[in-house]
Asker: 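First, the structure itself, so that you have it in front of you.
For ligands, and for the atoms within them, numbers begin at 1 and follow the listed sequence.
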Amino acid sequence: MTVMEIRPTNTPSRELLLLADESEASVADYVGRSRCYAAFEEEHIIGQYLLLHTRPFTAEIVNIAVRPDRQRQGIGTQLLHHAIRTARGDGFRLLEIGTGDSGTGQIALYERCGFIRCGIDIDYFRKHYPAAIFENGIECRHMVRLRMELFPQASSR
Ligand code: ACO
């Protein structure tokens with residue numbers, strides 16, 4: 001598996017974008033402003049993430065997904081570590097990520113990778129998404145916000 005940036009000549013996988021974020025409007029808001037990195041197996045994209053420069057010194061992983069038949073095999077973890085190295089290498093000091101409060105598996109994964117819960121964006125999904133979302137039988141109502149302080153390190157991507 002190789003992770004590399006998708007340049008404008010290629011486009012991120014739409015199927016994967018919508019797997020992580022089912023709102024077309026939300027994806028449309030950030031996709032053109034983000035940098036996309038994809039995990040390739042031969043010429044096929046098996047996972048990808050989008051990194052958005054949100055405010056001074058800060059980047060956010062706004063979308064991350066792995067192809068359903070390749071989930072739970074460590075690819076998401078590798079992409080998150082790649083994002084951390086990339087953001088640090090680009091000079092960002094803070095890396096953020098957010099997900100629905102019903103996504104307990106995703107939250108556990110982000111915490112295992114070193115992100116720390118720092119807040120809740122109350123009613124984010126009720127306010128901004130056209131229809132209610134349910135996951136694990138729980139309404140995905142609030143966005144759990146997580147962050148990681150990035151300290152400069154002598155590491156290569
Ligand atoms: N249910 C339960 N646990 C999960 C889930 C889930 N749906 N997703 C991730 N996990 C956690 C578990 O702890 C799991 O460990 P386990 O298999 O030992 O139980 C671990 O993450 C798996 O780690 P990886 O194999 O490294 O992760 P994976 O390759 O599956 O990628 C990802 C994780 C990106 C969340 C993937 O499952 C996916 O594409 N899911 C659908 C889209 C999605 O939810 N994207 C994130 C939305 S938030 C955002 O985009 C900013």
Side-chain angles (χ1 to χ4, degrees), residues 1-6 11-42 44-55 58-88 90 92 94-150:
M1 181 186 103
T2 318
V3 180
M4 62 177 88
E5 184 170 6
I6 295 188
T11 52
S13 154
R14 185 139 196 87
E15 199 183 326
L16 288 179
L17 287 173
L18 292 171
L19 188 62
D21 183 350
E22 59 188 67
S23 165
E24 300 254 7
S26 171
V27 170
D29 179 279
Y30 55 68
V31 70
R33 300 185 287 133
S34 305
R35 284 164 58 196
C36 179
Y37 295 84
F40 286 90
E41 237 172 32
E42 297 173 1
H44 304 292
I45 294 180
I46 54 170
Q48 68 186 22
Y49 72 87
L50 264 55
L51 195 63
L52 178 66
H53 183 173
T54 53
R55 56 197 165 94
T58 306
E60 177 167 344
I61 301 168
V62 285
N63 189 300
I64 180 166
V66 171
R67 220 171 63 189
D69 62 319
R70 299 302 309 274
Q71 288 176 11
R72 316 289 287 262
Q73 296 167 30
I75 296 165
T77 301
Q78 288 187 58
L79 287 173
L80 286 162
H81 286 302
H82 188 276
I84 294 162
R85 288 195 303 275
T86 300
R88 182 182 287 123
D90 289 347
F92 290 109
L94 194 65
L95 183 60
E96 299 184 324
I97 193 163
T99 192
D101 54 346
S102 52
T104 48
Q106 289 90 330
I107 294 167
L109 171 63
Y110 303 152
E111 290 184 319
R112 268 209 309 273
C113 287
F115 287 88
I116 292 168
R117 277 186 236 204
C118 60
I120 304 277
D121 195 338
I122 296 287
D123 279 332
Y124 180 87
F125 293 97
R126 281 196 176 174
K127 282 189 223 158
H128 302 299
Y129 282 62
I133 304 167
F134 284 86
E135 196 176 9
N136 306 318
I138 310 164
E139 184 185 352
C140 177
R141 179 171 170 181
H142 313 298
M143 183 186 277
V144 176
R145 304 288 311 165
L146 301 99
R147 67 196 293 177
M148 179 186 294
E149 305 266 356
L150 300 173

Asker: Applying the side-chain contact (heavy atoms from CB on, under 4.5 Å) test to Y110, which of I116, I64, V144 qualifies?
Answerer: I64

Asker: Can you name the atoms of ligand 1, numbered from 1 with element, that are less than 4.0 Å from a heavy atom of N63?
Answerer: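 Those qualifying, in numeric order: 50 (O).
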
Asker: State whether the shortest distance between N or O atoms of Q106 and N or O atoms of ligand 1 falls below 3.5 angstrom.
Answerer: yes

Asker: Does ligand 1 have an atom that lies less than 4.0 angstrom from a heavy atom of G74?
Answerer: yes

Asker: For atom 20 (C) of ligand 1, tell me which residue out of E60, R112, Q78, R70 has the closest non-hydrogen atom.
Answerer: R112

Asker: Which ligand 1 atoms are under 4.0 Å away from a heavy-atom of G76?
Answerer: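 The list of qualifying atoms is 26 (O), 27 (O), 28 (P), 29 (O), 31 (O).
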
Asker: Does L50 offer a backbone N or O that forms a donor-acceptor pair with the side chain of N63 under 3.5 Å?
Answerer: no

Asker: Would you mind listing which atoms of ligand 1 come within a distance below 4.0 Å of any non-hydrogen atom of T77?
Answerer: 23 (O), 24 (P), 26 (O)

Asker: On the 0 to 90° scale, with breaks at 30° and 60°, tag the Y37-Y49 ring pair as parallel, tilted or perpendicular.
Answerer: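 Ring orientation, 0 to 90° scale: parallel.
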
Asker: Within the 4.0 Å heavy-atom shell around A65, which atoms of ligand 1 are there?
Answerer: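 Contacts of ligand 1 toward A65, numbered from 1: 34 (C), 39 (O).
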
Asker: Check each atom of ligand 1 against the heavy atoms of I97 and keep those under 4.0 Å away; list them by number with element.
Answerer: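 Listed by number with element: 51 (C).
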
Asker: Taking salt bridge (charged side-chain N to carboxylate O under 4.0 Å, His left out) as the definition, give me every residue that meets it alongside E22, ordered by chain and number, with sequence neighbours left out.
Answerer: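 Result, salt bridge (charged side-chain N to carboxylate O under 4.0 Å, His left out) vs E22: none returned.
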
Asker: For D101 and Y124, which I'm curious about, is there any donor-acceptor pair between the side chains at under 3.5 Å?
Answerer: no

Asker: Before accepting this row, confirm whether a basic side-chain N of the pair E60/R55 lies closer than 4.0 Å to the acidic partner's carboxylate O.
Answerer: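 Looking at R55 together with E60, the answer is no, because their closest N to O distance does not fall below 4.0 Å.
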
Asker: Is P68 close enough to touch ligand 1? Criterion: a residue heavy atom under 4.0 Å from a ligand atom.
Answerer: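 Heavy atoms of P68 never come under 4.0 Å of ligand 1.
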
Asker: Please write down residue, atom name and distance for the protein heavy atom closest to atom 21 (O) of ligand 1.
Answerer: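 Its nearest protein heavy-atom neighbour is L109 CB, 3.5 Å.
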
Asker: Is there a nitrogen or oxygen of V66 sitting under 3.5 Å from a nitrogen or oxygen of ligand 1?
Answerer: yes

Asker: Under 4.0 Å from any heavy atom of Y110, which atoms of ligand 1 are there?
Answerer: 46 (C), 47 (C), 48 (S), 49 (C)

Asker: When you measure from atom 22 (C) of ligand 1 to each heavy atom in R72, M143, E111, E96, which option holds the nearest one?
Answerer: R72

Asker: What I'd like to find out is whether the side chain of Q48 reaches to under 4.5 Å of the side chain of S13, using heavy atoms alone.
Answerer: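 Side-chain contact under 4.5 Å: yes.
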
Asker: Which atoms of ligand 1 sit under 4.0 Å from any heavy atom of I61?
Answerer: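 Within the 4.0 Å cut-off of I61, ligand 1 contributes 51 (C).
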
Asker: Ignoring hydrogens, just give me the one of Q48, Q71, E22 whose non-hydrogen atom is nearest atom 37 (O) of ligand 1.
Answerer: Q71

